[in-house]
2 protein chains.
Amino acid sequence: MATKIPLYERFAAELQEQIEAGTFPEGSRIPALRESAEQHNLSLSTILQSYRLLETRGIIEARPQSGYYVKFRPRSRTLEADPSPAREDPTSVNIDDFSMQLFRDTQDPDFAKFGAASPDVGLLPMARLNRIVGELAREGAFDLDTSFYPEGTEALRVPIAQRAFGFGCSFGPDEVVITAGCTEALALALQATCDPGDLVAIESPTYFGILLILEALHLKALEIPTNPETGLSLEALEFALENHPVRAVIAMTNFSNPLGSCMPDANKHILVDLLARKDIPLIENDIYGELYFGERRPSVAKAYDATGNVLLCSSFSKDISPGYRLGWLAPGRWLEDVRKLKMAIGSGTSVLPQLTIARYLTSGGYDLHLRKIRRAYAQKVARMTRAIEEHFPEGTRIARPQGGYLLWVRLPAGIDSMVLYREAVKSRITIAPGSIFSPSHKHTDYVRLSAGAWSEKTEKDLARLGRIVHRLLAEGKEA
Amino acid sequence: MATKIPLYERFAAELQEQIEAGTFPEGSRIPALRESAEQHNLSLSTILQSYRLLETRGIIEARPQSGYYVKFRPRSRTLEADPSPAREDPTSVNIDDFSMQLFRDTQDPDFAKFGAASPDVGLLPMARLNRIVGELAREGAFDLDTSFYPEGTEALRVPIAQRAFGFGCSFGPDEVVITAGCTEALALALQATCDPGDLVAIESPTYFGILLILEALHLKALEIPTNPETGLSLEALEFALENHPVRAVIAMTNFSNPLGSCMPDANKHILVDLLARKDIPLIENDIYGELYFGERRPSVAKAYDATGNVLLCSSFSKDISPGYRLGWLAPGRWLEDVRKLKMAIGSGTSVLPQLTIARYLTSGGYDLHLRKIRRAYAQKVARMTRAIEEHFPEGTRIARPQGGYLLWVRLPAGIDSMVLYREAVKSRITIAPGSIFSPSHKHTDYVRLSAGAWSEKTEKDLARLGRIVHRLLAEGKEA
């Protein structure tokens, strides 16, 4: 005979199921007490008991004056810090043709593109942008000759400075330089602070675009170990700086590519102070900063910068449009150098994306849009994580990003992700193998999978990918 | 008693006056025989006699199957080749703040901007572009993510390859890389062919943007003398290549900035062969190539390139829109290197200007537009030349460009053009002083004046500039 389960426990079980299915992803707010009571026709005290039960189970947490939120939880399959340290000898950067090949595969429209860090096109505000473009064209606004403004138009620099003020920065519009995407911002920051042959400390793993830039600029890399939750290891960095003539440090403080790690604000403060003391510039890449899953936007290292030593780089490629190629750079005390370089190498940025995004930012709706896509990416990440847990073999470990849409996954039993890449391409699936995120080709048993490409349609592709991993594992055991 | 002047002589005098007033600028076609006969109610034989008279006077010339054209004539005030050779020792490039200051002055809308090489905004097809932008936005064409195509969209690369075929080139669309203006094309070409510290042979005087790029890329310059009509001295170049480890040569073959010179096609052929033999790449800047005043478009060195040794750079900044920041590069055998660099440093070019200009090029009207603006610039150049002759002191010498809209002017009695610059700025006029066109600050008694800024409105500004030159000359004589 079944024991009668109390009402609050039954509701708690239902809610927990929904949370585990990704309806309420980690970091998201669950409905308020009164709202749940009304929706489910239960008393307020029953709902309260249910929420408290889930709280004691560590599934949700109450936040004062705000409500109840789904907690970020370590689980059995969560990736832990790699015991093997990153390489700490300077490395020349030579990107082989593989990265270019990977890039070309991701252009094929028939592929399931888990290998590309592209945003979901369905989550871009294209209809709105198209209307704005039409408006501006009718007004003749695009007749402006932006080649006279290497730093970009004021119309765009003002809302950028305003938003940055909102997350703790205090630079003015005149201290911003508009760029062709975050890529150009990073390249300008490196050119302004380094000379050819210089050594740059990078995260390991790091976004492989950084490696392409370092190679193009004849710079050397020093790989610093990272933690999948907190990013760059400050201890390792400090040690490295004592032993190597590092000219600049480059880091993705929020939701790094590929780790998804978020450096705690306290660490950011320590990092800024450390580098100011040593007079080594910090190039901060905050391209995913707006795509947080938690309650509030994490800060940036730049917010703690009192000496102009931080060069903050970002873009609108992840949340507005990658095709517009529009980014920006707040270069601190390298402002004049960056302006001069921007003039030398590009004579300013195209008038069309500049004015379109300027109007988009100032005409209302951007914050609403961001709230929408943050929820959507949190759900995609939660669902893809669950699907990997389901379809990949035991021993797979998955990082738990707190923002962005990238999943850094360790394959079981040291499966070589380059082998997986080749097998996956045959099945019209791309992945990003771990070794491309390191100039010394470490991280061979990792892959980066993008939840930007996740949908109900691609779920079966992920299941197929899982079967390939199972097969490689079985073949490995046989051999 | 006045001698009776024959009818044909009177008409010839009238026509000559119109030619000298700039109604029919140098290189332009004058009305056909029949057309003139009808317009002026004279017999065909009278008109023929008039034209023959002007032909014998060296003012016009007959071209078979085409008609009569105003000849390019050396005049008393025409600039001749500089007897002093250009510097032939390698020079480190350090652009001082002056160039940046000049650049800022030219941003001031109240200034008469003879110092900027900007096209006349009234001669850009902005209304047409605005309509195309609106169309493409409505079609959703801008939703394309061009970050996947570092080389640019095929829609634009195809019409570029087609037009280049029309002036003698035989590269396909797949051998073109779209860039952010000609500036980025030049920077990519230099990065692909040179390493930091390498020596690049440049024209002297040369476009000062080249010097900014060389400085940014840590390259050294070797100045090669030029001729105001034929451009780069091949003899001097050959000599320099025997004596210095030149890694690349960079030249504006057609209507160079600032000289306005046009290298004869035979010289282009010799140049290409010379550099192929020595295995030194030629970076060719053809940004003004379409703005010819003569009967047909001059060829490019790239047209004689059998080995992929020429990297041809151009843009749409002079004839379509400078604010769109759209250029291109046909990098010959450096194609893969350039593609990789473009991906590393910019991740492709903005979708908006790419698709807009692609449609503009393919939807008819571009050739008509070019014919219109060629005539307009030929007139501006002729009128500004005449105004300089009128308002500037004796001893002023003016180059005779056969295309583009830039005038390279030697001031009399060694007046320092930097002094003239400072005086002119006080009168809200900008000029480009000659020394900024040389890394060793030669050409101090030259100025570059842009007929792009010439109009009936700015004629009085040029007269004021002339009075300043007169004053400086008088002060110089007193001192």
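Just so it is clear: chains get the letters A, B, ... in the order the sequence lines come, proteins before strands, and each one is counted from 1.
- Both the backbone and the side chain of A137(A) come within contact range of chain B, each with at least one heavy atom under 4.5 Å from a heavy atom of that chain.
- Checked for salt-bridge contact, R325(A) and E184(A) miss the test: no charged N lies under 4.0 Å from a carboxylate O.
- Ranked by non-hydrogen atom pairs under 4.5 Å with chain A, the options A180(B), G348(B), A187(B) are led by G348(B).
- Contact check on K220(B) versus D198(B) returns no salt bridge, with no Lys/Arg side-chain nitrogen under 4.0 Å from an Asp/Glu carboxylate oxygen.
- Of the possible donor and acceptor atoms, none in the side chain of K342(B) sits under 3.5 Å from a partner among the backbone N and O of Y149(B).
- If you tally non-hydrogen atom pairs under 4.5 Å between each of I213(B), V351(B), D143(B), V133(B) and chain A, the highest count goes to D143(B).
- Aromatic ring pairs are classed by plane angle as parallel below 30°, tilted from 30° to 60° and perpendicular above 60°; the pair Y288(A) and Y405(A) is perpendicular.
- Of the residues considered (L124(B), I345(B), L214(B), L190(B)), I345(B) shows the highest number of contacts with chain A, using heavy-atom pairs under 4.5 Å.
- Salt-bridge check for R157(B) with E175(B): failed, with every basic side-chain N at 4.0 Å or more from each acidic carboxylate O.
- Contacts between E336(B) and chain A at a heavy-atom distance below 4.5 Å involve the side chain alone, from C-beta outward.
- A donor-acceptor pair under 3.5 Å is absent between the side-chain atoms of T206(B) and the main chain of I202(B), judged by distance alone.
- One finds the CD1 atom of I287(B) at 6.5 Å from the CE atom of M252(B) (value rounded to the nearest 0.5 Å).
- Contacts between V121(B) and chain A at a heavy-atom distance below 4.5 Å are absent for every atom of the residue.
- Using modelled atom types, one finds a donor on one side chain and an acceptor on the other under 3.5 Å when comparing S363(B) with R128(B).
- Among the candidates M343(B), Q191(B), Q354(B), the residue making the largest number of heavy-atom pairs closer than 4.5 Å to chain A is M343(B).
- Annotation: maximal heavy-atom pairing with chain A below 4.5 Å, among S118(B), G209(B), G140(B), A185(B), occurs at S118(B).
- Most heavy-atom pairs under 4.5 Å with chain B, from the set D337(A), T356(A), T146(A), T183(A): that is T183(A).
- For A344(B), the parts sitting under 4.5 Å from any heavy atom of chain A are the backbone and the side chain alike.
- Heavy atoms of L129(B) lying under 4.5 Å from chain A are absent altogether.
- The most heavy-atom pairs under 4.5 Å with chain A, out of G134(B), P150(B), P119(B), S321(B), come from P150(B).
- For E135(A), no part lies under 4.5 angstrom from a heavy atom of chain B.
- Heavy atoms closer than 4.5 Å to chain B are found nowhere in L326(A), neither backbone nor side chain.
- With sequence neighbours left out, the side-chain hydrogen bond (donor to acceptor under 3.5 Å, both in side chains) criterion links R138(B) to no other residue.
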